[in-house]
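By convention in this document, chain letters (A, B, ...) are assigned in the order of the sequence lines, proteins followed by strands, and residues within each chain are numbered from 1. Bear in mind that the values here come from a model prediction, so they are computed numbers and not experimental data.
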Protein chains: 2
Amino acid sequence: MFSRACEYGIRACIHLAQISKEGGRSSLKAIAAAIDSPVAFTAKILQTLAREEIIVSVKGPNGGYEVEASRLDVITLDDIVDAIDGNSIYRGCGLGLKHCNAKKPCPLHFQFKKIRDELKEMLQSTSLNDVATGLHEGLAFLKR
Amino acid sequence: MFSRACEYGIRACIHLAQISKEGGRSSLKAIAAAIDSPVAFTAKILQTLAREEIIVSVKGPNGGYEVEASRLDVITLDDIVDAIDGNSIYRGCGLGLKHCNAKKPCPLHFQFKKIRDELKEMLQSTSLNDVATGLHEGLAFLKR
DNA sequence: TTTATATCGGATAAATATGTCCGACTTTAA
DNA sequence: TTAAAGTCGGACATATTTATCCGATATAAA
């Protein structure tokens, strides 16, 4: 569904949301440990997310990454997916056709559209705050 | 959503369904031309589908591939996806966690589950006959 | 029985995704 | 001012997916 990079990205953001909510900050190493991902590869992804202004990077000692608390309700999973995987999940044809649309549809166009629209709706309506809450309450897990 | 191989596989099967419905047969070259896919790569995929007994390969002159007409209603898109991509779409965690389940869920487990169940339902309830019909009526397209 | 036509399957190549390494740069704190 | 902690970004390495090539094999028809 998503690329591995995107999976790590989402997990990292959820972790950061939880930390940031309490006014904290998490270093690259701490993030990789929290979400059980390769450190260097995670660094690349965090750089992308910082460039896209989804997270904030703080250099120097006691630095790391954080999410602005005021934006926890604004940033959605869709923002993260879009930053890393682009809009291919929504845009692309389910059967890989270049020019598939309602007027010239592939045989599964409308069936796929329904499912995709739901995925889109879910990603767009789920904020970092939403998922961080379940995590904090011990109802959900980010690794293993 | 699916691997490219799987996309080609589905398109090939839909094309074959249409041809087989009229008692015909289609050669590797004809299939690749019909669905606009690389010939040699398509050959591999067709071999897999034949090994999984979703399609039938006929060697020699006037040979090619076909789907048994009696099975057009039985074979579903899910069978094709399973033969090529396996069950990773349903099984795997949306966030890439190894051991994500209802008892120890990732923060998005239940949201993903809903969408996946729908995808599963769609793939399992759509037969080759279903999609071939729309194609034949000129309502849908397999290339470009 | 021969020939032409197809698929089969193993080896190989190219492209992309995933993952690593390291020197440069930035910033905080001593 | 300097040292330590941390990110940045480019080059490189590996794995997987996608794609190609070609000889072997099977089969129908002449």
As a test of reading the structure: which of [options] is closest to the side chain of [X], going by heavy atoms?
X       : options                : result
A:Phe41 : D:dA19, C:dT18, C:dT7  : C:dT18
A:Asn62 : D:dC8, C:dT28, C:dT7   : C:dT28
A:Arg4  : C:dT20, C:dT18, D:dA26 : C:dT18
B:Ala40 : D:dT18, D:dC21, C:dG19 : D:dC21

Check against side-chain contact (heavy atoms from CB on, under 4.5 Å), B:Ile54 and B:Cys13 | CA-CA 9 Å; B:Ile54 290 170; B:Cys13 284; 4.3 Å; yes
A:Ser37 side-chain N/O to A:Ala33 backbone N/O, donor-acceptor pair under 3.5 Å =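 No, because the side chain of A:Ser37 does not come within donor-acceptor range (under 3.5 Å) of the backbone of A:Ala33.
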Can you hop from A:Ile55 to A:Val39 via hydrophobic side chains spaced under 4.5 Å?
-> yes
Mind checking whether B:Val56 and B:Ile19 sit in one hydrophobic cluster, side chains of I, L, V, M, F, W, Y counted as touching below 4.5 Å?
-> no
Establish, with yes or no, whether the OP1 or OP2 oxygen of C:dG19 is under 4.0 angstrom from a side-chain nitrogen or oxygen of A:Tyr8.
-> yes
Short side-chain N/O contact from A:Ser57 to OP1 or OP2 of D:dC8, under 4.0 Å =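 For D:dC8, OP1 or OP2 has a side-chain N or O of A:Ser57 closer than 4.0 Å.
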For DNA chain D, the residues among residues 42-49 of chain B that have a non-hydrogen atom under 4.0 Å from it |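 Those residues whose heavy atoms fall under 4.0 Å from DNA chain D, taken from residues 42-49 of chain B in numerical order, are B:Lys44.
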Donor-acceptor side-chain pairing of A:Thr76 and A:Ser127 below 3.5 angstrom | no
Quickly work out the [X] [atom1] to [N] [atom2] distance and round it to whole Å.
X       : N      : atom1 : atom2 : answer
B:Glu52 : C:dC8  : CD    : P     : 14 Å
A:Asp36 : C:dT18 : CG    : P     : 16 Å
B:Arg25 : C:dT5  : CZ    : P     : 16 Å
B:Lys29 : C:dA6  : NZ    : C1'   : 10 Å
B:Lys59 : D:dA29 : NZ    : C1'   : 18 Å
B:Leu28 : D:dA19 : CG    : C1'   : 13 Å
A:Tyr65 : D:dA5  : OH    : P     : 17 Å

How large an angle, rounded to 10°, do the end axes of the helix from C:dT1-D:dA30 to C:dA30-D:dT1 enclose when each is built from five base pairs?
->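 Inter-axis angle at the ends, rounded: 0°.
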Chi angles and distances behind the side-chain contact (heavy atoms from CB on, under 4.5 Å) call for A:Ile45, A:Leu49 = CA-CA 6 Å; A:Ile45 297 161; A:Leu49 291 171; 4.2 Å; yes
Any side-chain hydrogen bond (donor to acceptor under 3.5 Å, both in side chains) pairs touching residues 63-72 of chain B, not counting sequence neighbours?
-> B:Arg25-B:Glu66
By nearest nucleotide on DNA chain C, pick out whichever of B:Arg51 and A:Pro61 is the more 5' one.
-> B:Arg51
So how far is it from A:Leu108 CG to A:Leu95 CG, rounded to the nearest 0.5 Å?
-> 5.0 Å
Are A:Glu118 and B:Lys114 close enough, and set up right, to give a side-chain contact (heavy atoms from CB on, under 4.5 Å), and what steps lead you there?
-> CA-CA 10 Å; A:Glu118 253 185 89; B:Lys114 182 171 169 250; 3.1 Å; yes
